Number of protein chains: 2
Amino acid sequence: MDSASQILDIAERRMRKAGFNAVSYRDIAAEMNLKSASLHYHFPKKEDLGVALVQRYSERFEALVEADTADLETPQEKITVFVRSYRNAFEEDGLVCLCAVLGAEAPGLPDPVASEVKQFFERMIDWLTAQYEDLSFAAPRAQAQSAISLLQGAMIVSSATGDEAIFEASANTILVAFKPAH
Amino acid sequence: MDSASQILDIAERRMRKAGFNAVSYRDIAAEMNLKSASLHYHFPKKEDLGVALVQRYSERFEALVEADTADLETPQEKITVFVRSYRNAFEEDGLVCLCAVLGAEAPGLPDPVASEVKQFFERMIDWLTAQYEDLSFAAPRAQAQSAISLLQGAMIVSSATGDEAIFEASANTILVAFKPAH
DNA sequence: GTCTATAATTTGATAGAC
DNA sequence: GTCTATCAAATTATAGAC
């Protein structure tokens, strides 16, 4: 794999654990057996690294959702798979969404990074709003905003307490709306 | 006001904006027209400052909820006021909950600080669980976990996007369960 | 309690050789 | 692309005077 991607991989994992300011060029370089100066060739400033990080994360996530929901026909199915994608991503590597972490410290981030985080959330909400519109919900955007907020918050609270049941309960709240009444 | 409280005030405001690692003794001291060395008299290590910060935040928040809900009789009223307390705290100063920010970077925090954050969430969930139990909800704890997650996530997404409507929509999702059917 | 002085370490970043 | 060398600034922290 090329160095740039490797840098992004390591930076992403570390930032999802501890935030933007807790990750240093030196730490990343050490893990790659490189010198920190070499990283500046790929990402001159940390701000550049941050922007590239969120952009890649954003594109990757959208591509994943697109791929997983492409063959589905109903909005219910699409939302269900969307939530499960989030759950899988969270449970597999045990890391909170990159934008949940960066979003929490957004006012302290370099402006271009904060802007990318903002766009990530807006795209997520737009996508989910479209699904709720197809379902003729009375307030599709409010529904989407709540669902995204719930997922993001659940990852944080679940991670901070070490209680996976919190995420499960929250994800289930979104899905239960589609279960047939008994 | 005594210096310790003043330090905590400034540190809290800054950390709620940008996270634990973005706040330095120097910055805090400068705002007080002090030298950074003086701060170490009150909080020898940054870890001590972090613990004191979360403890004070936690106690203050619980006292506020206790005071606001003491005279209320029904769980519905208590939950409603609880959510409104969160909303007021968020909208008045425009800052995300301290534990939302620290919770997002929990794996990167000093252990004693992370432990305090964890306890904050557990206490919040316990309190809310008790209310849902009184309402005879089928899964009171799951309900409480979802509600806390939703509030925390809504602050973050709302703050990161600059869209206050997101928090409003999310808070309303919790409250709407009590509105009489028309 | 706050100061001066200072230390040790870390950090983001640059210049220039290979 | 990666290295060595280096830098200026920032950061946590301590010792000891006042």
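Keep in mind that what you see is a predicted model, and the values were worked out from it rather than measured. Keep in mind that the numbers below use all heavy atoms, side chains included, and drop hydrogens, waters and symmetry copies. Lettering of chains follows the sequences in order, A, B, ..., and the numbering in each one begins at 1.
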Find the distance A:His40:NE2 to C:dG16:P and express it as a whole number of Å.
-> 17 Å

Determine: side-chain N/O of A:Ser3 to OP1/OP2 of D:dT2, distance under 4.0 Å, yes or no.
-> yes

Measure up the B:Phe167 and B:Phe90 rings against each other and bin them: parallel (under 30°), tilted (30 to 60°), perpendicular (over 60°).
-> tilted

With a 3.5 Å cut-off and no angle check, do the side chains of A:Gln119 and A:Ser115 form a donor-acceptor pair?
-> yes

Does B:Gln152 reach the side chain of B:Met124, with side-chain heavy atoms less than 4.5 Å apart?
-> no

When rounded to whole Å, the OH to P distance for the pair A:Tyr41 and D:dT2 reads 8 Å

Mind telling me whether A:Tyr86 and A:Phe61 have parallel, tilted or perpendicular rings, with 30° and 60° as the class edges?
-> tilted

What's the CG-P distance between A:Leu39 and C:dT11, to the nearest Å?
-> 13 Å

Which of residues 43-50 of chain A sit near DNA chain D, with a heavy atom under 4.0 Å from it?
-> none

Please give, in whole Å, the distance from D:dT2 P to A:Lys35 NZ?
-> 13 Å

CG/A:Leu175 to CZ/A:Phe82 distance, rounded to the nearest 0.5 angstrom?
-> 11.0 Å

Within this structure, what is the CG-to-P distance between A:Leu34 and D:dT4, rounded to whole angstrom?
-> 11 Å

Mind listing the residues from residues 4-31 of chain A sitting with a heavy atom below 4.0 Å of DNA chain D? Number order is fine.
-> none

Using a strict cut-off of less than 4.0 Å between a Lys/Arg side-chain nitrogen and an Asp/Glu carboxylate oxygen, indicate whether B:Lys118 and B:Asp111 qualify as a salt bridge.
-> no

Shortest side-chain distance from B:Ser38, nucleotide among C:dC3, D:dT2, D:dT4 = C:dC3

Can any side-chain N or O of B:Asp48 pair as donor or acceptor with the backbone N or O of B:Lys45 at less than 3.5 Å?
-> yes

Among the candidates D:dG1, D:dA13, C:dA15, find the nucleotide nearest to the side-chain atoms of A:Ala37.
-> C:dA15

Have a look at B:Asn33 and say if it touches a base, only the backbone sugar-phosphate, or nothing, with a 4.0 Å heavy-atom cut-off.
-> sugar-phosphate

Close side-chain approach of B:Trp127 and B:Arg123, heavy atoms under 4.5 Å | no

Pair A:Asp93 + A:Arg16: basic N to acidic O under 4.0 Å = yes

